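Okay, so here's the structure we're looking at.
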Amino acid sequence: MPKHLKPARNYWLVKSEPDVYSFADLLRDKQTFWDGVRNYQARNNLLAMRCGDAVLCYHSNIDKAVMGIAEVVRTAYPDPTVEPEEAKGNWVCVDICAVQALTPVTLAMIKAEPRLANIALIKQSRLSVLPLTPEEYTLLCALGGVKNAR
DNA sequence: GCCAACGTTGGC
DNA sequence: GCCAACGTTGGC
């Protein structure tokens, strides 16, 4: 396909607590549904995901590091874990599949990297689904030992 | 365990 | 519509 016709690809970062669901779990499962988001801004980011978008998986709390690369394989659909009293939020989930693990890129490494000074992970530290620029994505992959990440 | 950041709720 | 109180997240 000619380069100028290549569909736009977006880049995202999602957080999880590793003792709840880790990137190792995703590698084992191959694919999962990314559920449980109950924040409107994070939900809107889920709604903006397209098949083929790249997703970096970050572990909060214990590891505080980007652990691996995943890819969106199904766009937003109703989150099956929504409780009746949460229904008005129109909460959604997406399906992602594992692509490959990274050498963990720690939060300390990210904070030490001037080119990542404006990353949403730091600017909006409580948001669990956030956008990345292509440059941030490529750099995080490189820091994790993956050059020329797709 | 503490606290900063920040989203949500509810009284007015 | 404002804002105080409260709850949650996540880093330290």
Side-chain angles (χ1 to χ4, degrees), chain A residues 9-147 149:
Chain A
R9 191 185 196 212
N10 299 310
Y11 302 90
W12 308 96
L13 182 146
V14 297
K15 295 193 214 171
S16 67
E17 298 173 39
D19 45 4
V20 176
Y21 194 84
S22 70
F23 189 73
D25 293 328
L26 180 58
L27 283 173
R28 181 200 62 218
D29 297 343
K30 306 282 197 286
Q31 181 175 331
T32 194
F33 59 105
W34 203 261
D35 65 316
V37 170
R38 297 292 184 272
N39 168 283
Y40 287 104
Q41 202 176 346
R43 184 205 63 183
N44 291 343
N45 287 334
L46 287 179
L47 288 167
M49 289 185 181
R50 293 295 168 254
C51 288
D53 283 1
V55 179
L56 293 181
C57 298
Y58 176 86
H59 284 179
S60 60
N61 295 333
I62 300 161
D63 298 319
K64 283 170 288 180
V66 180
M67 305 302 290
I69 307 171
E71 183 175 315
V72 177
V73 292
R74 183 180 173 189
T75 54
Y77 59 97
D79 184 338
T81 69
V82 168
E83 301 289 338
E85 64 272 21
E86 299 173 321
K88 65 177 161 65
N90 295 124
W91 305 116
V92 298
C93 61
V94 298
D95 289 355
I96 61 173
C97 68
V99 175
Q100 71 179 114
L102 295 172
T103 305
V105 182
T106 64
L107 185 61
M109 290 164 69
I110 293 168
K111 285 185 170 174
E113 171 52 69
R115 286 171 290 173
L116 295 174
N118 291 316
I119 195 170
L121 179 67
I122 297 170
K123 294 279 176 174
Q124 291 175 277
S125 61
R126 292 183 57 228
L127 191 57
S128 61
V129 181
L130 6 114
L132 296 173
T133 66
E135 292 77 18
E136 289 165 348
Y137 171 77
T138 303
L139 183 52
L140 286 167
C141 290
L143 289 171
V146 174
K147 311 289 183 193

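A quick note: this is a predicted structure, and the numbers were derived from the prediction, not measured. Below, read A as the first sequence line, B as the second, and so on, with proteins coming before strands; counting in each chain starts at 1.
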Quiz item: Is A/Arg115 atom CZ crowded by more than 12 heavy atoms from other residues, nucleotides or ligands, each under 6.0 Å away?
Solution: no

Self-check item: Whole angstrom value for the distance that separates P of C/dT9 from CD of A/Glu17
Solution: 7 Å

Practice problem: Measure from CG on A/Asn39 to C1' on B/dA5 and round the result to the nearest Å. | Solution: 13 Å

Self-check item: A/Gln124 CD - C/dG10 P separation (whole Å)
Solution: 13 Å

Quiz item: With no hydrogens and no angle check, is any side-chain donor or acceptor of A/Ser60 less than 3.5 Å from a backbone partner on A/Lys15?
Solution: no

Quiz item: How close or far is atom P of B/dG7 from atom CD of A/Glu86, stated in whole angstroms?
Solution: 19 Å

Exercise. Take atom NZ of A/Lys64 and atom P of C/dT9, then tell me their distance rounded to the nearest Å.
Key: 17 Å

Quiz item: Rounded to whole angstrom units, what separation is found between the CD atom of A/Glu85 and the P atom of B/dT9?
Solution: 12 Å

Quiz prompt | Heavy-atom closest contact (A/Trp34 atom, A/Val14 atom, distance) | solution = CZ2-CG2, 3.6 Å

Quiz item: A/Asp79 and A/Gly36: which non-hydrogen atoms are nearest, and at how many Å?
Solution: OD2-N, 2.8 Å

Quiz prompt | Rounded distance in Å - NE2 (A/His59) to P (C/dG10) | solution = 13 Å

Practice problem: Starting at atom CG of A/Asp63, determine the distance to atom P of C/dG11, rounded to an integer number of angstrom. | Solution: 11 Å

Quiz item: With respect to the side chain of A/Arg126, which nucleotide from C/dC12, C/dT9, B/dT8 is positioned closest?
Solution: C/dT9

Quiz item: How is A/Leu127 classified with respect to the nucleic acid when contacts are heavy atoms under 4.0 Å: base, sugar-phosphate, or nothing?
Solution: nothing

Practice problem: Examine B/dC6: is either OP1 or OP2 under 4.0 Å from a nitrogen or oxygen in the side chain of A/Tyr40? Give yes or no. | Solution: no

Quiz item: A/Lys15 has a side chain; which of B/dT9, C/dG10, C/dG11 sits nearest to it?
Solution: C/dG10

Quiz item: Just to confirm, is there a sub-4.0 Å distance from OP1 or OP2 of C/dC12 to any side-chain nitrogen or oxygen of A/Lys111?
Solution: yes

